[in-house]
Amino acid sequence: MKTSEIKFLVELDENKVPEKLHWTAQDGGIELEETKAIMLSVWDNKAKESLRIDLWTKDMPVDEMKLFFHQTLVAMADTYSRATADEKMTATMKDFCDYFAEKLELLDK
């Protein structure tokens, strides 16, 4: 059996606030790539709940965070569609993504 590993390195300041984030996914050709934000969700099937890690560096620009959230929401809608084939809810989720982008004025950027 083959295994694959994804690693995250978090550099913290004295107050344990992330200053730098790096990630490695050797199977994807990524080695210590710097990033400004990470959102990770894991399903705990015993407790039937999501576990999350949300990290961002203190120098992550707010305008980039808004774009990151929008793109993450769009990706979640796409993943939901592939996982459930629920076209009606997928359309509703995509409508919300459009609304989100409109309200944050992301469409013009």
Side-chain angles (χ1 to χ4, degrees):
M1 177 165 70
K2 179 170 174 28
T3 63
S4 184
E5 186 173 71
I6 300 171
K7 293 181 184 180
F8 298 99
L9 286 174
V10 182
E11 271 185 49
L12 304 171
D13 68 10
E14 63 279 353
N15 297 314
K16 298 185 178 181
V17 175
E19 283 194 328
K20 291 192 178 194
L21 300 169
H22 292 88
W23 68 295
T24 297
Q26 289 182 339
D27 284 356
I30 297 164
E31 185 72 35
L32 288 175
E33 186 74 27
E34 187 168 357
T35 188
K36 296 286 183 190
I38 298 167
M39 287 187 197
L40 178 66
S41 295
V42 190
W43 180 247
D44 180 338
N45 62 321
K46 292 177 187 165
K48 302 290 186 229
E49 63 186 15
S50 292
L51 307 174
R52 296 184 14 200
I53 298 172
D54 299 326
L55 298 171
W56 59 93
T57 60
K58 55 186 169 185
D59 66 341
M60 171 80 171
V62 172
D63 61 328
E64 288 184 20
M65 183 60 89
K66 291 176 182 181
L67 285 169
F68 179 54
F69 262 83
H70 178 256
Q71 291 173 11
T72 300
L73 290 169
V74 170
M76 289 175 66
D78 291 340
T79 301
Y80 180 82
S81 178
R82 286 193 314 274
T84 67
D86 183 343
E87 293 177 20
K88 186 175 179 182
M89 185 51 70
T90 297
T92 300
M93 292 172 73
K94 289 190 176 208
D95 285 345
F96 174 76
C97 292
D98 292 342
Y99 174 79
F100 185 92
E102 178 186 331
K103 290 298 178 184
L104 292 179
E105 299 176 349
L106 300 178
L107 303 175
D108 299 329
K109 295 182 180 182

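- Sorted by first and then second residue, the salt bridge (charged side-chain N to carboxylate O under 4.0 Å, His left out) pairs involving residues 90-101 (not counting sequence neighbours) are Asp78-Lys94.
- By the criterion of side-chain heavy atoms lying less than 4.5 angstrom apart, applied directly or through intervening Ile, Leu, Val, Met, Phe, Trp or Tyr residues, Phe68 is not grouped with Val74; the two fall into different hydrophobic clusters.
- Legend: residues meeting side chain to side chain contact (heavy atoms under 4.5 Å, CB included) with Ser81, ordered by chain and number and at least two apart, are Thr90.
- Evaluation of the side chain to side chain contact (heavy atoms under 4.5 Å, CB included) rule for Val10 yields Leu12, Pro18, Leu21, Leu55 as partners, not counting sequence neighbours.
- Under the side chain to side chain donor-acceptor pair (under 3.5 Å) criterion, Asp27 pairs with Lys2, Ser4, not counting sequence neighbours.
- Leu104 is not listed as a side-chain neighbour of His70, based on a closest heavy-atom distance of 4.5 Å or more.
- Counted within 6.0 Å of NZ on Lys7, heavy atoms from surrounding residues, nucleotides or ligands total 12 or fewer; the atom is thus considered open.
- Other residues, nucleotides and ligands contribute only 12 or fewer heavy atoms inside 6.0 Å of the CD atom of Gln26.
- For Asp59, the side chain to side chain donor-acceptor pair (under 3.5 Å) test picks out Lys36, Thr57, with sequence neighbours left out.
- Taking the side chain as every heavy atom from C-beta outward, Thr92 and Met89 approach each other to under 4.5 Å.
- Listed by chain and number, the residues in a side chain to side chain contact (heavy atoms under 4.5 Å, CB included) with Phe69 are Met39, Met65, Phe100 (sequence neighbours excluded).
- Grouped with Leu9 in one hydrophobic cluster are Leu32, the linkage being side-chain heavy-atom contacts under 4.5 Å among Ile, Leu, Val, Met, Phe, Trp and Tyr residues.
- Trp56 is connected to Leu73 through a chain of hydrophobic side-chain contacts under 4.5 Å among Ile, Leu, Val, Met, Phe, Trp and Tyr, so both are in one cluster.
- Taken from CZ in Phe8 to CD1 in Ile38, the straight-line distance is 5.0 Å, to the nearest 0.5 Å.
- Taking Ile, Leu, Val, Met, Phe, Trp and Tyr as members and joining any whose side-chain heavy atoms lie under 4.5 Å apart, directly or through other members, Met76 forms no hydrophobic cluster with any other residue.
- Shown here are the salt bridge (charged side-chain N to carboxylate O under 4.0 Å, His left out) partners of Glu14, two or more places apart in sequence or in another chain: there are none.
- At least one side-chain heavy atom of Trp43 sits less than 4.5 Å from a side-chain heavy atom of Lys48.
- Of the possible donor and acceptor atoms, none in the side chain of Asn15 sits under 3.5 Å from a partner among the backbone N and O of Val17.
- With sequence neighbours excluded, the residues that form a side chain to side chain donor-acceptor pair (under 3.5 Å) with Asp86 are Tyr80.
- When the salt bridge (charged side-chain N to carboxylate O under 4.0 Å, His left out) test is applied to Glu31, no partner is found at least two apart in sequence or on another chain.
- Residues meeting the side chain to side chain contact (heavy atoms under 4.5 Å, CB included) test with Ala47, sequence neighbours left out: Asp44, Glu49.
- Grouping the Ile, Leu, Val, Met, Phe, Trp and Tyr side chains by contacts below 4.5 angstrom, directly or via other members, places Ile6 with Ile53.
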